[in-house]
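As structure tokens, the structure follows; a few thoughts come after it.
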Amino acid sequence: MTSLFALVDCNNFFVSCERVFDPGLEGRPVVVLSNNDGCVIARSNEAKALGLKMGQPAFEVQDLIQRHQVQVFSSNYELYGDMSARVVETLSQFSPNLEVYSIDESFLDLGNLYKTDLQAYAKEIKATVKQWLGMPVAVGVAPTKTLAKIANRLSKKSAKAEGALVLTDKRHIEEALKRTEAGDVWGIGRRYARKLQGFGVHTAWDLRNVSDSFARKHLTVVGLRTVRELRGEPCIDLELMLQVKKNICTSRSFGQAITDLEEVGEALTTHVVRCATKLRKQKSRAGAMTVFCMTSRFAAEGEVYSNCRTVYFDTPTDSEPELIRHALKALREIYRPGFRYRKTGLLLLDLVPASSVQLSILDTVDREKHGRLMETLDNLRERFGHSSVKYAAQGTEERWKLRQESLSPRYTTRLEDLIRAR
DNA sequence: TCTGGGGTCCTAGGACCC
DNA sequence: TCTGGGGTCCTAGGACCC
């Protein structure tokens with residue numbers, strides 16, 4: 001074997017972030033809710049044991065939460081994002097080649113470390129992150145990313161592995177695949193799992209043994225790669241560079257239903273600002289924008305409405321005044337009075353590098369002036385916070401604001417939220 | 001009453017061209 | 001009467017991920 005990957009993922013990441021700063025939560029059931037305190041999106045092991053499910057609506061589990069005194073938190077992405085960056089920094093000690101796969105997972109290229117004691121190395125990674133940051137992680141090591149995912153998963157289930165499992169031995173891999181359901185393989189979702197069931201493919205081992213043509217036919221080329229990875233053939237490379245996004249989306253549900261066009265527009269304007277900020281951060285400009293607004297999907301029949309409108313720009317842009325103007329115009333076109341809106345947002349599409357924008361002779365915008373304005377705003381917001389400078393169109397009442405009833409302090413990024421010791 | 005948000009990739013099929 | 005064949009581009013929809 002020539003390749004070797006480690007997948008390091010943080011256990012119950014959002015819950016663990018809360019616990020780092022409030023050790024009293026150790027050993028107790030804890031959950032973190034999605035934006036707007038809508039669904040359960042992270043659970044401590046104790047909360048899992050109570051039967052709280054991932055993605056379950058919070059109101060459905062109110063009783064359970066009260067009865068067992070489950071500690072509840074609103075999402076605190078400022079805290080989680082910062083903790084995530086610290087974990088990545090710590091992990092980069094262990095390999096020069098690292099892919100940040102998600103907020104709580106990284107792949108490490110262990111390239112030619114076959115000669116080292118991998119088990120000891122995996123344990124050392126785990127111990128270091130725990131010691132430096134108080135963050136519990138699990139480590140899976142294997143010759144492909146897909147197998148590393150499986151190793152990681154099993155490391156949490158096996159008492160013997162204690163959160164660090166190496167899968168390089170052929171017989172160990174076979175055993176691991178036989179103990180893993182096909183639907184738990186990375187890249188096999190609910191739909192494919194059900195389809196595979198119909199063909200008698202139940203375990204990861206069954207999936208490993210299907211023919212290439214079967215995989216290609218029923219799971220597309222993506223699934224074929226997965227099957228090959230299960231056999232130990234690396235097909236999915238490490239992505240070292242932060243990928244430039246091809247689309248950028250910003251949307252939020254409202255804390256309460258909104259009926260007024262003006263107010264929906266205020267929320268949308270705020271989303272445009274956030275989205276355009278992300279756009280400029282990766283030095284892109286957008287050639288098009290889709291604006292949408294909708295009621296709750298769960299509203300009664302006749303009260304459900306959802307629509308979108310796409311606008312194409314003559315010249316790709318990153319200018320907020322321009323984007324806001326187009327967004328509000330599109331919103332006016334799709335807004336229908338009489339509905340109780342729950343959500344609005346936008347996608348920026350057809351992104352191109354800012355450096356390669358072709359100027360149009362029909363252009364009526366003073367791009368240089370807008371550019372200087374955007375730079376100034378970015379600097380101000382960076383320094384004084386995101387809402388330090390606002391457009392009049394964003395309004396001041398913010399009745400649409402998220403519900404966040406149980407937000408913890410931003411311990412690591414706000415001076416006023418620093419933890420106090422006596 | 002209350003149900004998250006942000007992405008990627010692939011394929012099939014239609015439009016269009018010569 | 002007999003109504004081609006091959007290629008590209010675009011989009012909507014479906015699948016997946018965290």
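Convention: sequence-line order gives letters A, B, ...; per-chain numbering from 1. In this text, all values refer to a predicted model and were calculated from it rather than measured experimentally.
At the heavy-atom level, A:E105 lies under 4.0 Å from the strands shown only through sugar-phosphate atoms. Using a 4.0 Å heavy-atom criterion, one finds that A:R274 contacts no nucleic acid atom at all. If you check every strand for non-hydrogen atoms under 4.0 Å, A:L219 touches nothing. Nucleic acid contact class of A:N247 (heavy atoms, under 4.0 Å, all strands): sugar-phosphate only. Heavy atoms of A:V185 sit under 4.0 angstrom from primed sugar atoms or phosphate atoms, though from no base atom. Residue contacts for A:I248: at a heavy-atom cut-off of 4.0 Å it reaches the sugar-phosphate backbone alone, with no base atom in range.
Note: A:F14 CZ to A:S44 OG = 14.5 Å, rounded to the nearest 0.5 Å. The line from CD of A:E175 to CD1 of A:I173 is 11.5 Å long, rounded to the nearest 0.5 Å.
Relative to the side chain of A:S34, the nucleotides B:dG6, B:dG4, C:dC17 differ in distance, and B:dG4 lies closest. The listed nucleotides are B:dG7, C:dC17, B:dT3; the one nearest the side chain of A:P57 is B:dT3. Listed nucleotides: B:dG4, C:dC18, B:dT3. Nearest to the side chain of A:Y77: B:dG4. Side-chain atoms of A:R216 lie closest to B:dT11 of the nucleotides B:dT11, B:dC10, B:dG4. Of the candidate nucleotides B:dG4, C:dC18, B:dC2, B:dG4 has the atom nearest to the side chain of A:I41. Among B:dT8, C:dA15, B:dG5, the nucleotide with an atom closest to any side-chain atom of A:R191 is C:dA15. Of the candidate nucleotides B:dT3, B:dG5, B:dT11, B:dT3 has the atom nearest to the side chain of A:R342. Distance from the side chain of A:F59 is smallest to B:dT3 among C:dC18, B:dC10, B:dT3. Listed nucleotides B:dT11, B:dG5, B:dT3 differ in distance to A:T220; the shortest reach to its side chain belongs to B:dT11. Across B:dT8, C:dC17, B:dG6, the shortest atom-to-atom separation from the side chain of A:R252 is found for B:dG6.
Between B:dG5 and A:S253, a contact under 4.0 Å exists linking OP1 or OP2 to a side-chain N or O. Residue A:T250 places none of its side-chain N or O atoms closer than 4.0 Å to OP1 or OP2 of B:dG5. Between A:K195 and the phosphate of C:dA15, there is no side-chain N or O to OP1/OP2 separation shorter than 4.0 Å. A close approach under 4.0 Å does occur between a side-chain nitrogen or oxygen of A:K246 and OP1 or OP2 of B:dC9. For A:N36 and B:dC2, the shortest distance from a side-chain N or O to OP1 or OP2 is not below 4.0 Å. Remark: A:K217 is not in phosphate contact with B:dC10, judged by side-chain N or O atoms under 4.0 Å from OP1 or OP2.
Between A:K149 and A:R153, the closest side-chain pair of non-hydrogen atoms is not below 4.5 Å.
Atom CD1 of A:I188 is separated from atom P of C:dC18 by 12 Å (rounded to the nearest Å). Atom-to-atom, CZ of A:F254 to C1' of B:dG5 comes out at 14 Å; the value is rounded to the nearest Å. One can place CG of A:N152 at 11 Å from P of C:dC18, the figure rounded to the nearest angstrom. The CG atom of A:D350 sits 8 Å away from the P atom of C:dT11 (whole-angstrom rounding). Taking atom CD1 of residue A:I103 and atom P of nucleotide B:dG6, one finds them 13 Å apart after rounding to whole Å. In this entry the distance linking CD of A:Q404 with P of B:dG5 reads 11 Å, nearest Å. Atom CG of A:N35 is separated from atom C1' of B:dC2 by 15 Å (rounded to the nearest Å). Remark: P of B:dG4 and CG of A:D37 are 12 Å apart, rounded to the nearest angstrom.
The 5' end of DNA chain B is approached more closely, in terms of each residue's nearest nucleotide, by A:C39 than by the other of A:K245 and A:C39. Closest-nucleotide positions on DNA chain B for A:R403 and A:V244 were compared, and the one nearer the 5' end corresponds to A:R403.
Ring pair A:Y305/A:Y341 is perpendicular by interplanar angle, where above 60° counts as perpendicular and below 30° as parallel.
A:F254 approaches A:K343 most closely through the heavy-atom pair CE1-N, 3.5 Å.
In this structure, A:E229 does not pair ionically with A:K145, as no charged nitrogen and carboxylate oxygen lie closer than 4.0 Å.
When both distances must be under 3.5 Å, the Watson-Crick or G-U wobble mate of C:dG5 is B:dC18.
If you look at A:W186 and A:F107, their ring centroids are closer than 6.0 Å.
Atom P of C:dC18 sits at a distance of 25 Å from the matching atom of B:dT3, rounded to the whole Å.
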### Query
A:R399 and A:E263: salt bridge (Lys or Arg N to Asp or Glu O under 4.0 Å), yes or no, with the steps?
CA-CA 8 Å; A:R399 287 203 313 127; A:E263 279 187 283; 2.9 Å; yes
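Applying the 5.5 angstrom centroid cut-off and the 30 degree plane-angle cut-off, the aromatic ring of A:Y101 is not stacked upon the base of C:dC18.
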